[in-house]
Enquirer: 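This is the structure I have questions about; it appears just below.
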Amino acid sequence: MTNSQPSTTAVQSLLREDRIFTPSSDHAASLGGAWCATMDEYHARHARSIADPEGFWAEIAQDFEWFTPWSKVLEWNCPDAKWFVGATTNICHNAIDRHVLDGHGHEVAMIWEGEPKCAGESGREPEVRHISYGELLEDVSRFANALKSLGVKRGDVVTLYMGMVPELAVAMLACARIGAPHSVIFGGFPAPAITDRMLDAQSRVIVTCDGAWRRGSVVALKHNVDEALDALAAKGHVVEHCVVLQRTKNECTWNPSRDRCWHELVSAQSTECECEAMDSEDLLFLLYTSGSTGKPKGIRHTIGGYMVYTAYTAQQTFNLRPATGQVFWCTADIGWVTGHSYIVYGILQNRVPTLMYEGAPNWPADDRFWEMVQRHRVTHFHTAPTAIRAFMKWGDEHPAKHDLSSLKLLGSVGEPINPEAWMWYREHIGHDHCPIVDTFWQTETGGHVITPLACVTPTVPGSCTLPFFGVDVAVVDETGCEVAANTGGLLVIRKPWPGMLRGIHGDRARFIETYWSRIPGMYLAGDGARRDERGYFWIMGRIDDVINVSGHRLGTMEVESALVSHASVVEAAVVGMPHDIKGTGIAAFVSLAPHVSASEELKSALREHVAGVLGPIAKPDIIRFTQSLPKTRSGKIMRRLLRDVAAGRDSKQDTTTLEDFAVLAALRGNEE
Ligand code: WT7
């Protein structure tokens, strides 16, 4: 340990939570019986998965179809893992063909709902599509042939920059089918994000849409692509083909030498296309994730391990069972890993219909999601804490208007969920009977690494509970030793797991430096965490966000949760700021519940409230009321920007991932 690298072991943990919710046998029965029946069984299987990972994963992997078997389950030369060595398979085969071959081709694979409400006779119905495995197989095969006709071969990276339309999933699966890795770019990103990612991946083919519907207006995707491809050409990188799906019918510029119409292209193709036999360790996709500093990292995931891990985590965490009336809805965008793993690959493999929604949660009104839950009889609803806090702010009356009785399980993902939001979710969406699974993981982990198992794990608001099978996760100090219960430390994973990243595309040094160098031999997640006396994990926030007040290290999450537990607060972000006496003070950005007005009295009340929950050390030095907080497009609060605002610095930070620039402008202009 060096002095320049501050120890995280002294992070204060002040939050206490005594509520515990034990699932009843009724829960399990309503989901067709739990895969893992008791906590004893969970502990025994988890222990076995750590003691004998190869034996454990070999058993799980047997349930998948491989074209040739593996010679070895795992080859581990830290940080390089190879899973199911020598085996060949195709994830598209396991997600679609397999179900068709087993006689389930007529079953619904995907339900899709478009954003605009204009299709029906009354003029207020949305467009809905039900796509069976048989139809999906034809669509995917056609598009796979279309890609081949453009000269796309095994190993060529295909960039997908589309809205949330079924063709996005079709394109991903078509790429997987022919062994061309995909690189999905979130449709909300501007042109430079496309330029950077296509250059980094050396991708020469892009698939896009004319536009995407978002809150009633058209996001001009093709226009952004044109801009990006011009910029790429100027850098000497020529993109040969741009396939354009017509969705919104907005005006587009057309470059006949490069642009191809999706519909024309696929209509000429056969519906037969054999799956390529891919090596288990061939690249399945790149997914770019922006770190707190520097350019986005192209996270590499390979086929065999990711295939097994996403299907198995989805099955066990959500208790998925085919042909039992389950409908799984994950509200994420496919541009994030959550959408890759738990809209597309993990869910299709389990033969449970996956619902995909095109647009915004509050279009045309704040009850859109609840109307959809009712319309599609959704059983599994999976969303992010940032969305839950927005639902709270919009008001309880919206979910109350709809029949949510189909719901059996709720999921949360993406950031720590404040206990207050957890309780609201349980009460207003889950009507006190749906278990909540708070799934902790990362783009890098491929699938869940810490999560309750539906209907088995007793849950506690704000904790992601216990490790998934095969994941040896721990909270350690700078020397890699596990810390005592309720002491903050670094979250690490000490053994390889099948869904783990296989590298950062084109940057070996950064891969090692980011994940494997601070604690040699262990994967560093970059989050601070503690384990309580039950062994449950509590994520305390990103390591970079920890605040050091007069020598006490505080996790941002705890202070934020304390603020949100006050009735007048809906959302809060807490950062460190320069302070003359303490060195670092605490700045809190707070957004208030509807009908609560901002006042100096409220500020003092909130400071006292935090002191009451966490102790005086955690009292914010300044509180700033704001309409909304700056967030990445995936809903994470951008604390690094808030640090600059709190310090009165003009931010030189990269803001390409910021969802709403107006928020930042408002915060900057509102200096006290
Ligand atoms: C980071 C990973 C997981 C897919 C979506 C985000 C935070 C994620 C939780 C959770 C507390 C969480 C962590 C993690 N995070 N889920 N359930 N509880 N924190 O993927 O963009 O790669 O972000 O999101 O900080 O490191 P990502």
Enquirer: For the residue pair H380 and F328, does the interplanar ring angle fall in the parallel (under 30°), tilted (30 to 60°) or perpendicular (over 60°) class?
Expert: tilted

Enquirer: Using modelled atom types and a 3.5 Å cut-off, is there a donor and acceptor pairing between side-chain atoms of W497 and backbone atoms of T445?
Expert: yes

Enquirer: Do F21 and W422 have ring centres separated by under 6.0 Å?
Expert: yes

Enquirer: Would you call the rings of F318 and H448 parallel, tilted or perpendicular, where under 30° means parallel and over 60° means perpendicular?
Expert: perpendicular

Enquirer: Please work out which of the three classes, parallel, tilted or perpendicular, describes the rings of H340 and F285, given edges at 30° and 60°.
Expert: tilted

Enquirer: Please say which of I493, V492, V476 ends up in a side chain to side chain contact (heavy atoms under 4.5 Å, CB included) with L524.
Expert: V492

Enquirer: Go through the steps for H93 and F67 under the test ring-ring contact (aromatic ring centres under 6.0 Å, His included), then give the verdict.
Expert: CA-CA 10 Å; H93 174 90; F67 303 152; 5.3 Å; yes

Enquirer: Work out which heavy atom in E281 is nearest to a heavy atom in D279; give both atom names and the distance.
Expert: N-OD1, 2.8 Å

Enquirer: Looking only at non-hydrogen atoms, find the nearest pair between C330 and I343 and report the distance.
Expert: O-CD1, 3.6 Å

Enquirer: Given W441 and Y342, is the ring-ring contact (aromatic ring centres under 6.0 Å, His included) satisfied, shown in steps?
Expert: CA-CA 12 Å; W441 57 297; Y342 303 113; 5.2 Å; yes

Enquirer: Do you know the tightest heavy-atom contact between M540 and A529?
Expert: SD-C, 3.7 Å

Enquirer: What verdict does the salt bridge (charged side-chain N to carboxylate O under 4.0 Å, His left out) test give for R518 and E513, after you've listed the backbone C-alpha separation in whole Å, the side-chain angles of each residue and the deciding distance to 0.1 Å?
Expert: CA-CA 8 Å; R518 188 145 162 195; E513 145 79 21; over 6 Å; no

Enquirer: Does R508 come within less than 4.0 Å of D80, counting only side-chain N to carboxylate O?
Expert: yes

Enquirer: Verify, without hydrogens or angle tests, whether D472 (side chain) and R494 (backbone) share a donor-acceptor contact under 3.5 angstrom.
Expert: no

Enquirer: In a table with atom names and distances, give each donor-acceptor pair under 3.5 Å that connects a side chain of residues 52-62 to protein atoms at least two apart or in another chain.
Expert:
residue : atom : partner : partner atom : Å
D52     : OD1  : G55     : N            : 2.9
D52     : OD2  : R48     : NH2          : 3.4
E59     : OE1  : R48     : NH1          : 3.1
E59     : OE2  : R48     : NH1          : 3.2
E59     : OE2  : R48     : NH2          : 3.4

Enquirer: Supply the atom-to-atom distance S280 OG to M307 CE, rounded to the nearest 0.5 angstrom.
Expert: 7.5 Å

Enquirer: Please report the shortest heavy-atom distance between A314 and L320, naming the atom on each side.
Expert: O-CG, 3.5 Å

Enquirer: Return yes when atom NZ of K619 has more than 12 non-hydrogen atoms of other residues, nucleotides or ligands closer than 6.0 Å, and no otherwise.
Expert: yes

Enquirer: Give me the atom names and distance for the closest heavy-atom approach of G541 to T556.
Expert: CA-OG1, 4.3 Å

Enquirer: Are Y309 and Y306 close enough, and set up right, to give a ring-ring contact (aromatic ring centres under 6.0 Å, His included), and what steps lead you there?
Expert: CA-CA 5 Å; Y309 200 69; Y306 179 84; 8.7 Å; no

Enquirer: Answer yes when R502 and E444 have at least one side-chain N-carboxylate O distance shorter than 4.0 Å, and no when they do not.
Expert: no

Enquirer: Quick check: closest heavy atoms across T310 and G446, and the distance to 0.1 Å?
Expert: CG2-O, 3.7 Å

Enquirer: Honestly, is R534 close enough over Y536, meaning NZ or CZ under 6.0 Å from the six-membered ring centre and within 45° of the axis?
Expert: yes

Enquirer: Kindly compute the distance separating NE2 (H505) from CG (L286), expressed to the nearest 0.5 Å.
Expert: 5.0 Å

